[in-house]
2 protein chains.
Amino acid sequence: MTLSDVAGHAGVSVATASKALNGRAEVAPSTRERVLRAAAELSFQPNALAAGLISGRTRTVGLLTDELGGRFAMSILLGAENALGNGQMSVLLCDARGDAIRRQHYIRTLLARQVDGFIVVGDSNEVSPSLTQQIPVPVVYAYAESTDPRDLSIVADDEGGARLAAEHLVSHGRRRIGHITGPDSYRAARDRAAGLRTVLAEAGLSPAGDPLFGEWSQRWGRHAARLLLAARPDVDAIFCGNDQVAAGVADTLRDLGRRIPDDVAIVGYDNWEFFAEDCRPPLTTVDLNLEQLGATAVQHLIAALDGNAGVGVIRQQGRLVVRESTGPALPRR
Amino acid sequence: MTLSDVAGHAGVSVATASKALNGRAEVAPSTRERVLRAAAELSFQPNALAAGLISGRTRTVGLLTDELGGRFAMSILLGAENALGNGQMSVLLCDARGDAIRRQHYIRTLLARQVDGFIVVGDSNEVSPSLTQQIPVPVVYAYAESTDPRDLSIVADDEGGARLAAEHLVSHGRRRIGHITGPDSYRAARDRAAGLRTVLAEAGLSPAGDPLFGEWSQRWGRHAARLLLAARPDVDAIFCGNDQVAAGVADTLRDLGRRIPDDVAIVGYDNWEFFAEDCRPPLTTVDLNLEQLGATAVQHLIAALDGNAGVGVIRQQGRLVVRESTGPALPRR
DNA sequence: GTGTCCCACGAAAACGGTTTCGGCAAGATG
DNA sequence: CATCTTGCCGAAACCGTTTTCGTGGGACAC
């Protein structure tokens, strides 16, 4: 099932067969047709390896992740895989599991396989060490920001997403807005808090208490909601750092007899549909657009392969998904 | 950075360099050392493509999935990727998204890339059409059962997992056990119901009502729990078809003032930790061992590559994870 | 009829490795 | 000293494809 078989079957040389199959101009239409027919009859599979070996492009990229099992890598991978497939490229997947030795090993492996480029997927939108010096092919960082500003990083715009959420609450007449979120060791938590703060300042509102930093769990949401309600019983909206926290907050509000959204509106973050849609009531939340982020990373990688490498940090915008937990706008009082 | 560079630098022929780097016997230790040193100095990366091209093994397998975004594919992928990495192999990832045309396209692509074998990952442990005729290399089906009994399929043992759960409840003194689960169009739902039925029959118990088939959601769990409690107020345990349903059931029980596990014990299924651990109380549940399933698939694929192809259906056992929702054994009455 | 041009095609080189095979030298054996 | 064995090494073939370049012939103009 090699090219010479096809050539023999079609009565031409391998050179001609190669040109015919690759759509090059210097071959007569009748001959081309004969070759194509022969290839079809023999169900010939061109050997992409040899092709890549010669032309230098394997049409393969390595995707290096730290925590594939996490919540976010999956969606990015999905978007990237799709975008690559559309560009007739394939993805070699490697999960370093946060282990530097594994990462080194995988970088070597992927380079040995002659990948055309790398996508390094982070797990928390944080700053992460640049690997570019060790890698002689283009690299794009996704959901992570490389320490080296000469690298290209695509990150989620947490601050912008938080502004979407906050503006939604403010425009719906909420005035006393609390914030319950994850650990302040996470940049995502800090950025989201900052986005909220900015919007409140612009609207001339003061936040209902300091942001409550804790952990990214339903349990913390339940606990923190009690704290917040005790300190600020008049709170009329809670912006939560993610959907799990929001689900916990909703639990507590229900337990304490507050109606959602009538008394208190809730906004989550991440649009993790299992939580957001199944929450009581379904959560208004911010979608990170991670699939799009993966696709964007691929686009820029392909551009880099063509010699148009980008530089700096690109922020992928989020998208507000409105469900019932914020309800209609309150009447002006 | 090619082999001839290394050879030149070491003052030997490419042939000798090749043998030295590949650890073949017919090269003097001193020469080998010289070559290795040269390779290190030039930081030579052997070109795995050319190697594969010649020896016929690319040490790459294609992983074809239908629904990568789903709950289950991820874990299987994780286990498979890890097992392949340990065997110095890499995985090319393709997500057909349930589209037959995409699937065909990806099969062609993967074959063109000369993968050594395929792992076809299903999304629901169901029977799924055999692709083996179109694929001239070994294929293993994971979390799906091929229609062709001559293929090798690795599936989750849903009936066995349900037995684990049911035996746990029975041995803890529960006697009136209800079942709320997903659509009966899912084999997983039917198998799990069957496992429960078997155990109850063996223990001489009759089920608390017919299994309630619905959907795999928290919402359905909440609704069905009301139905079940209305029909069988004396129920003392509910085995749920998955953890989302269980979380919904727990919601309703709490709303109706039943204590978990004192009045009613709950067992879930899937060990989806976000739900199971964050539930009130944390859920006893059955872990599908999907990572192990992925690893098992890889093992069998590697065996098939060595000419020891297996046949038939292998059931991957589940594992009971005991948390608080089933509590200690009830005192005998 | 002759000269020119262009087009289709094929021979051959290249790519980066592995593998086969032959040769050479050193040591063992008679 | 002659012969045989053994161990190392390199020349060359090979893999399947692309690409370059040369060639032959047909078409067209004059």
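Here is the naming used below: chain letters follow the sequence lines, and residue numbers restart at 1 for every chain.
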Colleague: Are a donor atom and an acceptor atom from the side chains of B:Q104 and B:Q134 found within less than 3.5 Å of each other?
Modeller: yes
Colleague: Can a side chain N or O of B:R24 be found less than 4.0 Å away from OP1 or OP2 on C:dT19?
Modeller: yes
Colleague: Do A:L92 and B:V91 come close enough that some side-chain heavy atom pair is under 4.5 Å?
Modeller: no
Colleague: Could you state the CG-P distance from B:L49 to C:dA14, rounded to the nearest angstrom?
Modeller: 22 Å
Colleague: Find out whether B:Y141 and B:I154 are in side-chain contact, i.e. whether some heavy atom of one side chain is under 4.5 Å from a heavy atom of the other.
Modeller: no
Colleague: Rounded to the Å, how far apart are B:F44 CZ and C:dG16 P?
Modeller: 10 Å
Colleague: Could you give the CG-to-P distance, from B:L42 to C:dG17, as a whole number of Å?
Modeller: 12 Å
Colleague: Reading DNA chain D from 5' to 3', where do the contacts with chain A start and stop? Cut-off is 4.0 Å to heavy atoms.
Modeller: D:dG16 to D:dT20
Colleague: Say whether B:D95 and A:N82, considering side chains only, have a donor N or O and an acceptor N or O under 3.5 Å apart.
Modeller: no
Colleague: For the residue pair A:T65 and A:C94, establish whether any side-chain heavy-atom pair is separated by less than 4.5 Å.
Modeller: no
Colleague: Shortest non-hydrogen contact from B:K19 to B:E26?
Modeller: CD-OE2, 3.7 Å
Colleague: Atom CG of A:L53 to atom P of C:dA14: distance rounded to whole Å?
Modeller: 16 Å
Colleague: Testing the 3.5 Å rule here: is there a donor-acceptor pair between the side chains of B:R113 and B:T58?
Modeller: no
Colleague: Scan residues 4-19 of chain B against DNA chain C and write down, sorted by residue number, each residue with any heavy atom closer than 4.0 Å; if none is found, say none.
Modeller: B:A15, B:S18, B:K19
Colleague: When you compare the side chains of B:T60 and B:Q114, does any donor N or O come within less than 3.5 Å of an acceptor on the partner?
Modeller: no
Colleague: Using heavy atoms to find the nearest nucleotide of DNA chain D for A:A50 and B:A25 separately, return the residue whose nucleotide is more 5′.
Modeller: B:A25
Colleague: Would you kindly give the CD-to-P distance between A:Q114 and C:dC15, to the nearest whole Å?
Modeller: 14 Å
Colleague: Rounding to an integer number of Å, can you tell me how far B:E26 CD sits from C:dG22 P?
Modeller: 14 Å
Colleague: Could you tell me the separation between the CG atom of A:N22 and the P atom of C:dC9, rounded to a whole number of Å?
Modeller: 15 Å
Colleague: Looking at B:R102, is its backbone amide N or carbonyl O close enough to the side chain of B:D99 to form a donor-acceptor pair, meaning the two atoms are under 3.5 Å apart?
Modeller: yes
Colleague: Which whole-number value in Å describes the distance from A:E33 CD to C:dA8 P?
Modeller: 16 Å
